[in-house]
Amino acid sequence: MSAPAEPELTPRRIAAFLVMVVGMFMAILDIQIVSASLAEIQAGLAASPDEISWVQTSYLIAEVIMIPLSAFLARMMSTRTLFTLSAAGFTVSSFLCATSGSINEMIIWRALQGFLGGGMIPSVFAAAFTIFPASKRNIVSPMIGLIATLAPTVGPTVGGYLSHTMSWHWLFLVNVIPGIGVTLGALFLIDFDRPNWRLFHRFDWWGLAALSAFLGGLEYVLEEGASNDWFQDRAVAGVAVIMVVGGVVSFWRALTRDEPIVDLSAFTNVNFAIGSAFSFVMGIGLYGLTYLYPLYLASIRGYDSLMIGETVFVSGLAMFATAPLAGFLASKVDLRLMLLVGFLGFAASTKMLTGMTDDWDFHELLWPQILRGMSLMLSMVPINNLALSTLSPDKMKGGSGLFNLMRNLGGAMGLAVINTILTNRGELHYARLSEAITWSSSEAMRQLNMMAANLTARGYDGQAGALVQMAGRLKTQATVMSFIDIFVLISVLFAGLALAALLMRKPGKGVSGAAH
């Protein structure tokens with residue numbers, strides 16, 4: 001059987017792809033750009049702690065619904081129309097977020113921003129594997145891998161800088177000028193495919209409702225469950241029931257309809273199925289560490305958003321520097337070996353963090369961050385190539401949506417587990433440390449007496465103050481120990497799954513084959 005003809009690569013298509021990459025960067029960046037500046041937004045909108053969390057949750061729920069839906073929409077209205085509408089809507093909703101006068105307005109516009117941003121992300125992955133010949137994918141894959149991993153990593157840095165030097169409004173206004181450029185570029189440059197408007201009459205509205213209930217409910221449960229004692233909270237329990245019903249109906253309609261809004265047939269491809277599992281795990285590591293580093297620096301070291309950004313920016317630099325190397329290696333070595341090394345490197349980077357103490361700062365975190373950034377790039381490129389390069393062209397759009405969905409769900413589930421472990425293990429460690437602080441402990445008494453003497457010399461109640469300070473020290477140590485527990489688990493997860501890379505099939509050179 002002869003290999004399919006390679007697609008024609010023109011300067012116009014290269015320019016169109018670069019425009020799409022910028023749009024994807026904006027959409028993924030906005031997941032994390034707000035996370036470091038929620039306190040500023042809360043103060044600006046006079047929101048309560050419960051309300052401000054919805055600035056993130058509304059975006060994530062809407063985005064996770066759109067990502068798998070985008071494949072059907074791209075087939076129906078073409079990549080150009082979908083991307084243009086998504087970029088235009090994302091830009092307008094970004095401006096509306098910046099001009100919000102209340103938390104309710106902000107939540108509405110953030111949901112719209114997330115939904116429309118989700119339409120841009122899978123389109124870039126699909127375009128990379130359909131408009132570029134296989135011989136050029138070792139150049140293109142590092143580019144999209146870099147954007148997919150760099151954007152959430154530098155998000156807290158960019159957000160912290162903007163809110164610290166200007167105001168929180170610029171977290172959203174920064175999207176306006178690039179968004180207009182992406183919209184116009186998509187409108188005039190994208191020519192990859194043609195619309196099939198007949199699909200509109202076969203659109204599965206009940207399937208969309210079920211998908212929204214399933215993925216939206218899942219995202220809500222994962223976001224809110226950890227902080228609300230999971231199913232002890234009536235709202236979380238109620239949404240969980242809706243999620244289960246929506247999931248059952250979604251899978252039933254996806255498997256029984258001729259034109260489902262989410263095509264699951266890509267999972268029959270062995271490489272895609274295993275690659276999606278790796279994408280899920282990659283989401284745990286990517287979003288988990290992006291969350292843990294700033295949390296440690298803020299809660300233990302007392303850093304502000306700008307200081308946090310300056311500290312965690314190292315990972316982004318390491319990714320940027322490693323991208324060309326990853327592209328070069330992808331054409332020279334077995335991709336499965338490259339993926340194995342990347343996952344083992346990530347495991348090693350978190351293993352280095354298991355020696356953490358409460359006085360670690362930039363210098364102690366430097367090498368773990370560098371190794372993490374390099375490992376992410378060495379993992380992302382082969383995951384993309386191995387998972388997507390063996391899909392047939394008619395499966396590419398649907399597969400791209402599912403592939404990106406798995407990464408986002410991995411991040412959401414990883415954060416939910418991380419927050420639960422931080423709470424439960426923190427309480428356990430605090431209880432155990434407290435048991436060791438007794439009146440018969442000479443070291444404990446020595447430190448209490450020293451603290452009491454210092455406080456008394458300053459005119460305070462030495463005994464009471466010393467007990468409060470000791471409790472604070474125990475709390476800090478317990479929190480650091482719970483961080484270490486998480487780093488151990490992530491190390492074991494990545495090291496354990498690294499060998500699964502050998503289960504994937506090596507794609508034929510220069511061929512994007514059909515699913516097998």
Side-chain angles (χ1 to χ4, degrees), residues 20 23-24 27 60-90 111-131 186-187 190-219 246-269 272-273 276 279 387-388 391-409 512 514-515:
M20 294 174 71
M24 182 179 80
L60 294 170
I61 288 176
E63 183 192 53
V64 82
I65 293 170
M66 180 55 157
I67 285 177
L69 176 63
S70 64
F72 186 95
L73 296 179
R75 290 170 54 218
M76 182 178 74
M77 61 177 63
S78 79
T79 301
R80 180 176 74 168
T81 303
L82 174 63
F83 207 93
T84 301
L85 291 176
S86 295
F90 182 86
L112 184 62
Q113 188 189 34
F115 187 76
L116 294 165
M120 292 189 281
I121 299 170
S123 301
V124 179
F125 281 79
F129 286 88
T130 52
I131 68 170
L187 179 63
I190 295 177
D191 63 348
F192 311 150
D193 49 22
R194 296 288 179 266
N196 181 8
W197 291 105
R198 288 176 295 181
L199 290 175
F200 180 78
H201 301 291
R202 307 181 70 180
F203 191 87
D204 184 10
W205 295 101
W206 285 108
L208 174 60
L211 181 71
S212 301
F214 173 47
L215 293 179
L218 178 61
E219 189 71 43
V248 171
V249 176
S250 292
F251 282 105
W252 172 61
R253 297 190 76 85
L255 295 172
T256 57
R257 287 182 63 88
D258 293 334
E259 287 288 351
I261 58 172
V262 178
D263 183 6
L264 300 177
S265 61
F267 282 113
T268 60
N269 180 306
F272 180 78
S276 294
S279 183
L388 297 174
L391 287 179
S392 58
D394 62 305
K395 303 293 184 186
M396 188 60 68
K397 289 178 181 176
S400 176
L402 293 170
F403 182 76
N404 282 278
L405 174 65
M406 292 299 289
R407 186 179 64 250
N408 280 28
L409 289 181
S512 178

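Side chains included, hydrogens not; waters and symmetry mates left out as well; all remaining heavy atoms used. Heads up: numbering here begins at 1 and tracks the sequence.
Closest of all the heavy-atom pairs between Leu116 and Ser86 is O-CB, 3.3 Å. The two residues Ala27 and Gly117 make their nearest non-hydrogen contact at CB-O, 3.5 Å. The shortest non-hydrogen separation linking Gly246 to Ala213 is CA-CB, 4.2 Å. Contact record, Ala127 with Met20: CB-CE, 4.1 Å, taken as the closest heavy-atom pair. Pairing each heavy atom of Val64 with each of Leu215, the nearest pair is O-CD1, 3.3 Å. The two residues Leu82 and Gly119 have their closest heavy-atom pair at CD2-O, 4.0 Å.
Rounded to the nearest 0.5 angstrom, Leu402 CG and Leu409 CG are separated by 10.0 Å. The line from CE of Met66 to CG of Leu211 is 11.5 Å long, rounded to the nearest 0.5 Å. To the nearest 0.5 angstrom, Phe125 atom CZ is 4.5 Å from Asn404 atom CG. In this structure, CG in Leu208 is found 10.5 Å from CZ in Phe72, a value given to the nearest 0.5 Å. For the atom pair CG (Leu255) and OG (Ser265), the distance works out to 10.0 Å, reported to the nearest 0.5 Å. Summarising the geometry, atom CH2 belonging to Trp206 is positioned 8.5 Å from atom CZ belonging to Arg253; distances are rounded to the nearest 0.5 Å.
You'll find the side chain of Asn196 stays beyond 4.5 Å of the side chain of Arg75, heavy atoms only. Residues Ile121 and Arg407 have side chains in contact (heavy-atom distance under 4.5 Å, counting atoms from C-beta outward). Residues Met76 and Trp197 meet the side-chain proximity criterion, which asks for heavy atoms closer than 4.5 Å. Using a 4.5 Å cut-off on side-chain heavy atoms (C-beta onward), Val124 and Phe83 make contact.
Residue-environment remark: CZ (Phe267) exceeds the threshold of 12 foreign heavy atoms within 6.0 Å. Enclosure of atom CZ in Arg80 is not indicated, since only 12 or fewer non-hydrogen atoms of other residues, nucleotides or ligands lie within 6.0 angstrom.
Remark: the backbone N or O of Phe272 is paired with a side-chain donor or acceptor of Ser276 at under 3.5 angstrom. Of the possible polar contacts, none joining the Ser279 side chain to the Met406 backbone as a donor-acceptor pair under 3.5 Å is found.
Applying the salt bridge (charged side-chain N to carboxylate O under 4.0 Å, His left out) test to pairs two or more places apart or on separate chains, none has a residue in residues 206-215.
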Chi angles and distances behind the side chain to side chain contact (heavy atoms under 4.5 Å, CB included) call for Met77, Leu85:
CA-CA 10 Å; Met77 61 177 63; Leu85 291 176; 4.2 Å; yes

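Looking at residues two or more places apart in sequence or on another chain, you find a side chain to side chain donor-acceptor pair (under 3.5 Å) between Ser78 and Thr81.
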